[in-house]
Amino acid sequence: MGLRPSGAPAIMTTPTPAQTQPARGLHVITWGCQMNVYDSARMGDVLRPLGYQPVDAPDNADMIILNTCHIRDRAAEKVFSELGRLRLVKEARKACGQNTIIAVAGCVAQAEGQEILARAPYVDIVLGPQTYHRLPEMVARAARAGGAVIETDFPAEQKFDFLPDTQAPQTPGNYTAFLTIQEGCDKFCSFCVVPYTRGAESSRNVTSVLAEARRMAASGVRDISLLGQNVNAYHGEGPDGTIWNLAKLAYALAEIPGLSRIRYTTSHPRDMDGALIAAHRDLPQLMPFLHLPVQSGSDRILRAMNRGHTADEYRDIVRRLREARPDMALSSDFIVGHPGETDEDFEATMQLVRDIGFALAYSFKYSPRPGTPAAGAGMQVPEDVKDARLQALQHLLRTQQDAFNATLVGRSVPVLFTSRGRKPGQITGRSPWLQPIHVTGPESLIGQELCVHVTERLTNSLGGVLEERKVYA
Ligand code: 5AD
Ligand code: SF4
């Protein structure tokens, strides 16, 4: 499963400026999903020993990394237009005698490496998601040669084995963190580029996952999200030499003191096995909120998409999850207008949505990705039909999201406070279902998990008042 991009437009993150004047400035522009955000942090980690420190503007950067996302439309054009801007920065710095290394990373780099070097020869490094651990070597080579370096092969060695320990989440004040445990995908859904850009499925070994999780917990992280394109297909080598699945890993993570919330994303319905469902029953730390993309409610389209399950099988998984954990809420991804989708197929999707009741969902118009089977398929759906279906679906999903949020009003909810609120005197945290919740309270409570009596539903968040009791007193 491709990781859901965080919000409809690609997000851009910039590392916080260094406290002191850095020896070398590094500016990372991140587009796309949480996996990319995590990868950007790790690229920062591998470059730190070379003296690179984050700076907040490209003009101050000796190296600029554009970490790209390819999951949906027009990614390549966006990259070239951003590169056009970065070229001006590079030229302006050169006029002042300063060199700037420009690197393009992520899925667009993987898919269009040669094209990037042909169209933007001022780019120094192109690297695919499997080769970040080689970044220092590439930087050294680029600096020496002045020529472009391209590195998008899937190497035989495991990328995970070469990355240093993450530094970023150890910054005090991070109470939530992402931890990549699995990458790649062998499922080849008809519409998706991930198997071509992120390569075959591979899992990080258990010892290194647990070590990183322990370090995160020791630095104050309470809420950890395990990441992977097919995270519930996790099959990492355990310390005992056997292969551990995600359920087994979750039991071990739940033993780590301080980690009170464990999540994982993104899952595939086909890998939602009985052991994992049982873990939801047994482990209070496993949050009752699961992103489980279904894409369509029509068996015909699910087959065309090569999803490997039916709509009823999805309904059954959700039923078993709710049996195991009655407060389980579901989030999902949908695509409307996949080639061949009729009005009847679309109605089956609407029916599935009505049957399940989603707390949150992301829905997209199908957009052909070059090289994927669906892109060349006949019976492409006209744009205006896709628009109308998307609107109808989003309206229904929005109603369900509001209804779900409304169910929390009047209830007591455990909230992990993570930051100051938008209004003075307020602090903000997240519920087990990831809604932001605002209360009036002192900043000293940030980092604590406390019960909140929810009093109101706001557009995408909730308001409440602090209760006296701690969650795990
Ligand atoms: N067109 C539209 N949506 C897509 N997604 C992935 N590929 C495409 C595409 N070609 C959506 C899927 C996936 C999410 C991350 O992005 O719903 O789950
Ligand atoms: Fe997810 Fe299918 Fe893409 Fe794999 S091929 S990442 S399962 S959408």
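Numbers here simply count residues along the sequence, with the first being 1. Each ligand, and each atom within it, is numbered from 1 in the order the structure gives.
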At under 4.0 Å between heavy atoms, which part of P195 makes contact with ligand 2: side chain, backbone, both or neither? side chain
Using a 4.0 Å cut-off to any heavy atom of N230, which atoms of ligand 2 qualify? 4 (Fe), 7 (S)
Counting each atom of ligand 1 from 1 as listed, which ones have a heavy atom of Q295 under 4.0 Å away? 12 (C), 13 (C), 17 (O), 18 (O)
Given side chain to side chain donor-acceptor pair (under 3.5 Å), test Q351 with D355 step by step and report yes or no. CA-CA 6 Å; Q351 190 52 47; D355 292 346; 2.9 Å; yes
Below 4.0 angstrom from a heavy atom of C189, which ligand 2 atoms are there? Numbered from 1 as shown, please. 2 (Fe), 5 (S), 7 (S), 8 (S)
Proximity winner for atom 1 (N) of ligand 1, if only heavy atoms of S367, P293, C69 are counted: S367
Does the T418 side chain pair with the main chain of Y175, one donor and one acceptor, at a distance under 3.5 Å? no
Taking only heavy atoms of R307 into account, list the atoms of ligand 2 that are under 4.0 Å away from them. 2 (Fe), 8 (S)
In ligand 2, the atoms that come under 4.0 Å of a heavy atom of H268 are 7 (S)
Report yes if some N/O of Y366 lies less than 3.5 Å from some N/O of ligand 1; otherwise report no. no
Parallel, tilted or perpendicular: which fits the ring planes of Y362 and H291, with parallel below 30° and perpendicular above 60°? perpendicular
Does L292 offer a backbone N or O that forms a donor-acceptor pair with the side chain of S332 under 3.5 Å? yes
Would you say atom 3 (Fe) of ligand 2 has C185 as a near neighbour, meaning an N/O/S atom of that residue under 2.8 Å away? no
Can you sort out which atoms of ligand 1 are near R369, meaning under 4.0 Å from one of its heavy atoms? 10 (N)
With a cut-off of 4.0 Å, which atoms of ligand 2 are near a heavy atom of F191? 8 (S)
Between Y196 and F188 (judged by ring centroids, cut-off 6.0 Å), do the two rings come close enough to count as a pair? yes
With under 30° as parallel and over 60° as perpendicular, where do the rings of H280 and Y264 fit, or are they tilted in between? tilted
Is there side-chain contact between L26 and V55, with heavy atoms separated by less than 4.5 Å? no
Which of the ligand 2 atoms, numbered from 1, are nearer than 4.0 Å to a heavy atom of C192: 3 (Fe), 5 (S), 6 (S), 8 (S)
Pick out which of L246, N205, L253 makes a side chain to side chain contact (heavy atoms under 4.5 Å, CB included) with I181. L246
Residues V194 and C185: closest non-hydrogen pair is CG1-CB, 3.9 Å
If we only count N/O pairs under 3.5 Å, is F364 in contact with ligand 1? no
If we only consider heavy atoms of M305, is any one of them less than 4.0 Å away from an atom in ligand 2? no
